[in-house]
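Each residue takes its place number in the sequence, starting with 1. Bear in mind that the values here come from a model prediction, so they are computed numbers and not experimental data.
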Amino acid sequence: MAILKIARMGHPILLAAAAEVEDPTAPEIRRLVADMAETMEDSGGIGLAAPQVHVGLRLFVWRTGAGGVSALINPELEQVGEETETAWEGCLSIPGLRGAVRRATRIRFRGLDIDGQAVEGEAAGLVARVMQHETDHLDGVLYPMRMEDLSLFGFHEELARAAAERAAVKEET
């Protein structure tokens with residue numbers, strides 16, 4: 001396994017639509033998934049799409065609740081219900097920045113695993129958000145493109161400092 005170089009915002013691969021994976025069982029796909037999992041773990045991320053490591057293919061990995069890593073190849077997502085939620089997101093391709101993004105709270109997903117087997121299910125909360133964020137990467141979309149209010153976009157440290165100052169003022173009153 002290897003730690004892969006992460007493409008940063010501004011690199012053209014992050015703005016391009018990724019190609020379907022022809023053979024999810026190919027040894028190079030298994031190796032890519034393993035390398036992406038190691039890269040994500042090393043970087044402290046919770047999801048990573050192939051274009052973020054300079055590979056224009058439709059697959060991503062994410063951390064599972066059990067501390068493991070799963071992969072979804074050629075994913076298809078659809079919103080379940082009308083409910084959305086705005087929450088803070090970051091991205092390994094946009095280091096140090098955070099932004100508030102509105103996303104569906106529940107999704108239905110379909111795709112393939114690394115054995116080429118069809119997988120499908122529903123996801124909610126953080127897992128649904130991660131899947132939507134990573135699928136956006138496969139479509140050439142970065143989270144700032146989804147933001148409705150750019151005043152809620154900034155460096156993590158500055159946003160944390162501002163939140164702490166607001167909390168201190170609130171305690172004084």
Side-chain angles (χ1 to χ4, degrees), residues 6-20 36-37 39-41 43-53 55-66 68-112 119-170:
I6 295 175
R8 292 186 305 164
M9 185 169 63
H11 193 289
I13 196 157
L14 296 175
L15 299 175
E20 294 279 318
M36 287 174 61
T39 301
M40 178 184 66
E41 295 282 340
S43 302
I46 57 175
L48 185 66
Q52 291 182 273
V53 293
V55 178
L57 292 175
R58 295 190 71 79
L59 71 94
F60 63 83
V61 297
W62 77 97
R63 289 182 196 253
T64 63
V69 175
S70 287
L72 191 59
I73 300 170
N74 298 333
E76 298 175 24
L77 306 183
E78 80 181 75
Q79 184 169 340
V80 174
E82 299 295 319
E83 188 176 346
T84 61
E85 176 181 60
T86 300
W88 293 101
E89 292 188 15
C91 181
L92 295 174
S93 292
I94 311 173
L97 293 168
R98 298 282 181 267
V101 181
R102 179 177 302 284
R103 298 215 186 254
T105 57
R106 296 189 63 77
I107 60 164
R108 187 170 295 115
F109 64 89
R110 286 180 293 286
L112 302 171
V119 292
E120 62 181 70
E122 287 193 11
L126 183 60
V127 174
R129 179 169 292 277
V130 169
M131 288 182 150
Q132 290 169 84
H133 178 110
E134 301 310 332
T135 299
D136 272 354
H137 278 299
L138 307 181
D139 297 329
V141 175
L142 297 171
Y143 79 84
M145 298 170 172
R146 294 252 184 236
M147 291 183 64
E148 298 168 351
D149 181 354
L150 290 177
S151 73
L152 298 174
F153 183 51
F155 287 97
H156 178 70
E157 294 83 12
E158 295 299 330
L159 294 167
R161 186 179 356 265
E165 289 172 4
R166 283 192 303 275
V169 167
K170 196 175 199 178

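When all heavy atoms are compared, the tightest approach of G47 to L92 is O-CD1, 4.1 Å. The minimum heavy-atom distance between L14 and P51, with the atom names listed, is CD2-O, 3.8 Å. In plain terms, the two heavy atoms of L159 and G154 that are nearest each other are CD1-O, 3.5 Å. The two residues L138 and R58 make their nearest non-hydrogen contact at O-NH1, 3.0 Å. Across L72 and V119, no two heavy atoms sit closer than the pair CD1-CG2, 3.4 Å. Across every non-hydrogen atom of Y143 and R103, the tightest pair is CB-NH2, 4.1 Å.
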query = How far apart are the C-alpha atoms of R129 and E89, what are their side-chain angles, what is the distance that settles it, and do they pass the salt bridge (Lys or Arg N to Asp or Glu O under 4.0 Å) test?
reply = CA-CA 9 Å; R129 179 169 292 277; E89 292 188 15; 2.6 Å; yes
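To the nearest 0.5 angstrom, R161 atom CZ is 11.0 Å from H156 atom NE2. The distance from atom CG of L59 to atom CE of M36, rounded to the nearest 0.5 Å, is 5.0 Å. In this structure, the separation between CD on E76 and CZ on F109 is 12.5 Å, given to the nearest 0.5 Å. Between the CG atom in L57 and the CG atom in N74 there is a gap of 8.5 Å [rounded to 0.5 Å]. Atom CZ of R102 and atom OG1 of T86 lie 3.5 Å apart (nearest 0.5 Å). Interatomic distance, CD1 of I94 versus CG of L142, reported as 5.0 Å (0.5 Å rounding).
By the neighbour-count criterion of 12 heavy atoms within 6.0 Å, atom CZ of R8 is sparsely surrounded, having that number or fewer from other residues, nucleotides or ligands. Atom NE2 of H11 has more than 12 heavy atoms from other residues, nucleotides or ligands within 6.0 Å.
Ring geometry, F60 versus W62: the interplanar angle falls from 30° to 60°, so the pair is classed tilted.
Annotation: side chain of H137 is in contact with side chain of C91 (closest heavy-atom distance under 4.5 Å). Two residues are said to be in side-chain contact when any heavy atoms from C-beta on lie closer than 4.5 Å; R63 and M40 meet this criterion.
Remark: side-chain polar atoms of E134 are paired, donor with acceptor, to backbone N or O of A49 under 3.5 angstrom. The main-chain N or O of V141 is never found under 3.5 Å from a side-chain atom of D139 such that the two would form a donor-acceptor pair. Listed for the E41 side chain is no donor-acceptor partner under 3.5 Å among the backbone atoms of S43. Side chain of Q132 to backbone of A128: a donor-acceptor contact under 3.5 angstrom is found.
Looking at E122 and R106, a side-chain N of the basic residue comes within less than 4.0 Å of a carboxylate O on the acidic one, giving a salt bridge.
In this model, no donor atom of one side chain and acceptor atom of the other lie less than 3.5 Å apart for T105 and E85.
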